[in-house]
Amino acid sequence: MNADQNQRITRIGPGTPCGALMRHYWQPAALLDEFDPALDPRMAQRPLKAVRLLGQDMVLFRDDTGAWGLLDRDCPHRGADLAFARHEGDGVRCPFHGWKFAADGRCLQTPAEPMGSTLCTRVRQRSYPVMVRAGVIFAWLGPEGSTPPALPDFHCFTAPDSHVFAFKGLWQCNWLQAFEVGIDPSHTSYLHRFEQDEALDGAYGKQFRNASVGEVRGERWPMTRVMRESGSPEIRHEEVSPGLTKITTLRAMTEQLTHVRVTHAMFPTTFVIPLSETMTITQMHVPVDDTHTYW
Ligand code: FES
């Protein structure tokens, strides 16, 4: 890929070709945990957060009915920052002149206008569709007035809540760099190496600690051992269907046995990796802006 192609595929702000493409996909905007008062007591009084996604600044909040609102962050009046808005239960009020907005973007009040003004009926703040799946609050920044697509039925979205958890981390790189790092299977033999294995009975939910499926001469090998003892895997890939690529990683375990690990990459930013027989990670690479990505 040359420099121009690299720019074209990694610049995702408003008005860019890749940004327009990315806006056709649901993107994780925040974790449900970030709005949990047990984890952040401020959320009991004011469930509102500033969010940056695809190079756009927005505010995400939940109103008293439980509805989510995702609005552009700059007030449509004079551009004041709605991240400082007062949360009033049924909407948020701009701190500058008191315009108030509902979760769907309707302007509810413009209190500084003359009595009888109907200005607020003609004002609307851009709002974006939001849905919650598996502890993740997804947003859709597609063209205004068009219908968002369904989210794919990844197992993490269909598994019961007792079997999923969500987390995130901020990386200082673009989405493609993050994606490339994660989908590369050979790094796991080194970056995620454990020199010693642990007993399998305490390994549930630990990254790579549990066994791979099957036995080797009557033993169940931890994934840590498989990766450690075969540090030069053979990597194959094939496009299963448009947008879905299967990556197969083969590691020799014995002269007779080969370990096969299959991961799936789903266009544009998601892949699903088995970490052991009891744990799978669905990893999304959320373009925050051109140089930051949430993992
Ligand atoms: S800038 Fe928001 S109400 Fe005036």
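This chain uses plain numbering: 1 for the first residue, then up along the sequence. Counting starts at 1 for both ligands and their atoms, in listed order.
Residues meeting the salt bridge (charged side-chain N to carboxylate O under 4.0 Å, His left out) test with R209, sequence neighbours left out: E198.
When ring centroids are compared, F271 and F179 come within the 6.0 Å threshold.
Evaluation of the salt bridge (charged side-chain N to carboxylate O under 4.0 Å, His left out) test over residues 15-37, restricted to residues two or more places apart or in two chains, returns E34-K49, E34-K168.
With hydrophobic clusters built from ILVMFWY side chains whose heavy atoms lie under 4.5 angstrom apart, L141 does not share a cluster with F61.
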Report all side-chain donor-acceptor pairs from residues 170-178 shorter than 3.5 Å, counting only partners two or more places apart or in another chain.
residue : atom : partner : partner atom : Å
N174    : OD1  : L176    : N            : 3.0
N174    : OD1  : Q177    : N            : 2.9
N174    : ND2  : Q177    : OE1          : 3.3
W175    : NE1  : I9      : O            : 3.0
Q177    : OE1  : N174    : N            : 2.9

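Taking distances strictly below 2.8 Å, the protein N/O/S atoms close to atom 4 (Fe) of ligand 1 are H77 ND1, H97 ND1.
The environment of N2 atom CG is dense: over 12 non-hydrogen atoms of other residues, nucleotides or ligands sit within 6.0 angstrom.
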